[in-house]
Amino acid sequence: MTSSTPNSTAAGHASYDPAAIEQKWQERWRAERTNSPDLTGAERPYYQLMMFPYPSAEGLHIGNVFAFTGNDIHGRFQRLQGHTVFEPIGFDAFGIHSENYALKVGIHPMELIPRNIANFRRQLRRVGLMVDWSHELSTTDPAYYKWTQWIFLQLLERGLAYRGKAAVNWCPSCKTVLANEQVVNGACERCGTPVEQRYLEQWFFKITEYAPRLLANLDWIDWSDTTKTAQRNWIGESEGAEIDFALAGADASIRVFTTRPDTIFGATYVVLAPEHPLVDAVTSSAQREQVRAYVERAGKRDLVARKVGDREKTGVFTGGYAVNPATGARIPVWVADYVLMEYGTGAIMAVPGHDERDFAFARAFDLPIVRVVAAPGDDAATPLAEAYTDNEGGRLVHSPPFDGLTTTEGKARIVAWLGEHGRAKPTVTYRLHDWTISRQRYWGPPIPIIYCDACGMQAVPEKDLPVLLPPITDFRPDDSGVSPLARHEEWYRVPCPECGKMARRETDVSDTFLDSAWYFLRYPSTEFTDVPFDAERTKQWLPVNIYIGGNEHAVLHLLYSRFITMVLHDAGYLDFEEPFMRFRAHGLLIRNGAKMSKTKGNVVNPDEYIERWGADTIRLYLMYMGPLEEGGDFRDSGISGMRRFLDRLWASAHEMRSDGAPDDAVIRKLHRTIRKVTEDTSRLGYNTAIAAMMEYMNTLRGGERVPHRAEVEPLVQLVAPYAPHIAEELWERLGHTGTVFSSRWPAFDPALATEDEIELAVQVNGKLRGTVRVARDIAQDDALAAALAVPSIAKFVTGTPRKVIFGPGRLLNLVV
RNA sequence: GCCCGGGUGGCGAAACGGCAGACGCGAGGGACUUAAAAUCCCUUUCCCCUAGCGGGGAGUGCGGGUUCGAUUCCCGCCCCGGGCACCA
């Protein structure tokens, strides 16, 4: 423990006291506005963005500290490279999470959130981040959500926001709509009550219209591959065809989507989703009652259970028939809930021979199974024990005149053939759905819409923004499926902006993810009240240079932010369409090999650790655990090593000598260290950068040598992004005025950073047999001679080597 | 089921296809000290031979392959973590 440490050392200088110097520098940074750059005059602007936190009542999570430190090091490093770095922070404080917590503890969120934010601010300051607090924002601030509402209106104006009915999860016990994430195995995550499906009018954003662009830009933006892959999967592009199946005896047809048009000759029935609009028209009177009962039952099943619950195939015959456009055969039309209305056309052609689900269904209901693709070695007559779904290598059979074609050829030829008769066209379908932004809750920005009996739906005029969220005390959701705001007449009733007669407000609030989909645009412009973001500022500071955050937002926040940016670009407000030039996903922080959670009681409280060790030590430790992009395992046992390193740094700066010349070998090591720390820091390889500094420290102080000032001073700068407080303090004690972050990053001399002599590894038949110390640029023959001069190597070599492999500067391998 | 990560000493981890285990923790031994702390030095993958000095062999989840040489590249598996999931 450090509390027992005496306040002066044997060497006579004061010992390292992190609490005192951290407080000193945090106060000085604040007083001197060290971290508030001039946003207008910056010549080399660098926008370092971190994911703003949700200010929970529990306070800052160590995972936040991990992510923010990772950002901060990069930001401070860029500043030392001569950039003007803008590193803002804010609070993502709206949302169901806050509201539920407020309901639970019985404190109004308008009271609770500012308290939590104050606590977060205190904790964030203690971490020593280079945050520009003069541009702090909160999404719950009317000055902010005014513009969230404005963005909604921009989408509305462009036809990208619309109202429609949608199935939602409803908890009959909590009397509220639940997000999909709040439904666990078909039950409410809070009370365990089975969730029902309800149909409600919802607001949607047409993100699907941007699917092709959202997908295409992934090819060039510099993002972590893991994140890009997650987005690609989420957008889920499928190439295939839409094909019309005429209804037998009626003047209508069912349009299906398939990725396997090559298998159409094997389509032995058609399936409609229970919600499909043609269900009634297809159903025969004999089957009507059964179909009605099935559709009703399917509608009652909650969405989650239907998709992830048991996969037992259920369905009902409609009594109707369709005509397979390829074979001309009459095939039955069924209704089954394994077909989803929300994907494709809500109808499929079932090819049981070549689709697992169709196969299972056909087996269950005794429908015909026909082989139309034969694997190599099989033929048309080979029986199918299971669906043969391989998309490559097979040849078409039972598909005259296309027999013998590969599946790939078959797809193109069959779609073209059906296309000639207007029955098919190639189509690309996306898994991505439109974004439901309505929330029937209280704690969010009211959607700025007014309904007038005379004039219809009206957008709230921009001059009337923001639509303030009223400070009501009764905000508990009820069974009506309507937001609690609807119960407050004085807010709900409002004059129509068009005709002035009394009208009604929209009572839904918008999704929290809309708040966070544009906050990075606001940061540089927080002082502007008449625009969401100032044109000049935005031009100078955006897009964001680098964004580091968690991959849990790969398909939510990061996708929505890209979408909103594209919309604002198309609307002429932005001259870029991708908001984040670089994105790096950091890994997950675990504790002693296990996930951190409140129930396990293994959550790390950053306050405690900073108290005990100092922020600089904790910052170093978090970054030293492993690669930032892979996360790490927080174990208390490792922290002391970081503190020891800082103690030694402190001692070095106090015990060093300034007279005479520095040691040549140490200076060489220093230059190699500068090179490695520079390279590693810029590519976020923080763990190895810290290791390199420690290695240098061992050289510096090995054998109780007294370091020279010229050997120590650059190390203070190298360590500064990682441990800013101690670096500032030592920089001052070394006689400098002003912050170390205004100094220039030390340069390395390539000549000094390279060793003249190296240890050349010598292998015989690929096995290491020894090393020889030789000149770095030694020629092969000389290296060979030097190696053979060593008896312990030579004894493995009999005669002349058959082959000599020489990697200059690396190794010599003799094959004998 | 599909898609991403990842499996290396007692532990956290390093290694442009080129000396596996840097760096740190822990452990053991030593120096300094009246003593302790701090600091500094040495040892620390496993097995075998040797009194010792030394020397030999194996080793990066498993099985193959490519290569003078593989933790690294390729093929086939196993295990762990995460995401998606009746997506036609």
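Labels below follow one simple rule: chain letters A, B, ... track the order of the sequence lines, proteins then strands, and each chain is numbered from 1. The figures that follow rest on heavy atoms only: side chains count, while hydrogens, waters and symmetry mates do not.
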Please report the distance separating the [atom1] of [N] from the corresponding atom of [M], rounded so that it comes out in whole Å.
N: C87(B); M: G21(B); atom1: P; result: 49 Å
N: C42(B); M: C32(B); atom1: C1'; result: 15 Å
N: G63(B); M: U43(B); atom1: P; result: 33 Å
N: U45(B); M: A27(B); atom1: C1'; result: 15 Å
N: G9(B); M: C46(B); atom1: P; result: 11 Å
N: G17(B); M: G76(B); atom1: C1'; result: 22 Å
N: C19(B); M: U60(B); atom1: C1'; result: 15 Å
N: G18(B); M: C4(B); atom1: P; result: 26 Å

Go through [options] for me and flag the one nearest to the [X] side chain.
X: Arg769(A); options: C23(B), C87(B), G57(B); value: G57(B)
X: Thr688(A); options: C25(B), A14(B), C23(B); value: A14(B)
X: Asn813(A); options: G69(B), A14(B), G82(B); value: G69(B)
X: Asn233(A); options: A88(B), C68(B), C3(B); value: C3(B)
X: Asp337(A); options: C86(B), C4(B), A88(B); value: C86(B)
X: Arg810(A); options: A88(B), G18(B), C87(B); value: G18(B)
X: Arg357(A); options: C87(B), C84(B), C4(B); value: C87(B)
X: Leu340(A); options: C3(B), C87(B), A20(B); value: C87(B)
X: Ile348(A); options: C68(B), A88(B), A14(B); value: A88(B)
X: Arg635(A); options: C4(B), G12(B), C23(B); value: G12(B)

Touch class at under 4.0 angstrom, heavy-atom based, for [X] against every strand present:
X: Phe634(A); result: nothing
X: Thr345(A); result: nothing
X: Asp647(A); result: nothing
X: Gly702(A); result: sugar-phosphate
X: Met693(A); result: nothing
X: Glu759(A); result: base
X: Glu695(A); result: sugar-phosphate

Between [X] and [N], does any side-chain N or O lie under 4.0 Å from OP1 or OP2?
X: Arg648(A); N: A38(B); value: no
X: Arg644(A); N: G26(B); value: yes
X: Tyr624(A); N: G24(B); value: no
X: Arg431(A); N: A88(B); value: no
X: Lys767(A); N: A58(B); value: yes
X: Lys595(A); N: G82(B); value: yes

- Query: Do you see a donor-acceptor pair shorter than 3.5 Å between the side chains of Arg776(A) and Thr754(A)?
  - Reply: no
- Item | Side-chain donor-acceptor pair present, Thr69(A), Tyr722(A), cut-off under 3.5 Å | no
Does [X] have its ring centroid less than 6.0 Å away from the ring centroid of [Y]?
X: Tyr624(A); Y: Phe645(A); result: no
X: Phe365(A); Y: Tyr269(A); result: no
X: His586(A); Y: Phe66(A); result: yes

Who does [N] pair with, Watson-Crick or G-U, both distances under 3.5 Å?
N: G59(B); result: none
N: U34(B); result: none
N: C87(B); result: none
N: U72(B); result: none
N: C25(B); result: G10(B)

- Message: Taking the nucleotide of RNA chain B with the nearest heavy atom to each, does Phe257(A) or Gly626(A) sit closer to the 5' end?
- Response: Gly626(A)
- Note on the structure: Per nearest nucleotide of RNA chain B, the residue lying toward the 5' end, Lys676(A) or Gly344(A), is Lys676(A)
Rounded to the nearest angstrom, tell me the gap between atom [atom1] in [X] and atom [atom2] in [N].
X: Ile590(A); N: C11(B); atom1: CD1; atom2: P; value: 14 Å
X: Phe806(A); N: G18(B); atom1: CZ; atom2: P; value: 16 Å
X: Leu768(A); N: C68(B); atom1: CG; atom2: P; value: 19 Å
X: Gln763(A); N: G69(B); atom1: CD; atom2: P; value: 10 Å
X: Leu558(A); N: G83(B); atom1: CG; atom2: C1'; value: 14 Å
X: Phe796(A); N: G57(B); atom1: CZ; atom2: C1'; value: 11 Å
X: Asn687(A); N: C25(B); atom1: CG; atom2: P; value: 16 Å
X: His553(A); N: G82(B); atom1: NE2; atom2: C1'; value: 15 Å

Salt bridge or not between [X] and [Y]? Use side-chain N to carboxylate O under 4.0 Å.
X: Arg255(A); Y: Asp244(A); answer: yes
X: Arg363(A); Y: Glu386(A); answer: no
X: Arg591(A); Y: Asp636(A); answer: yes

- Item | Within 45° cone and under 6.0 Å: Arg584(A) NZ/CZ vs Trp223(A) ring | no
- Test: Arg357(A) cationic atom under 6.0 Å from Tyr338(A) six-membered ring centre, within 45° of axis: no
- Task: Could you tell me whether G9(B) is syn or anti, where syn means a glycosidic angle within 90 degrees of zero?
- Result: syn
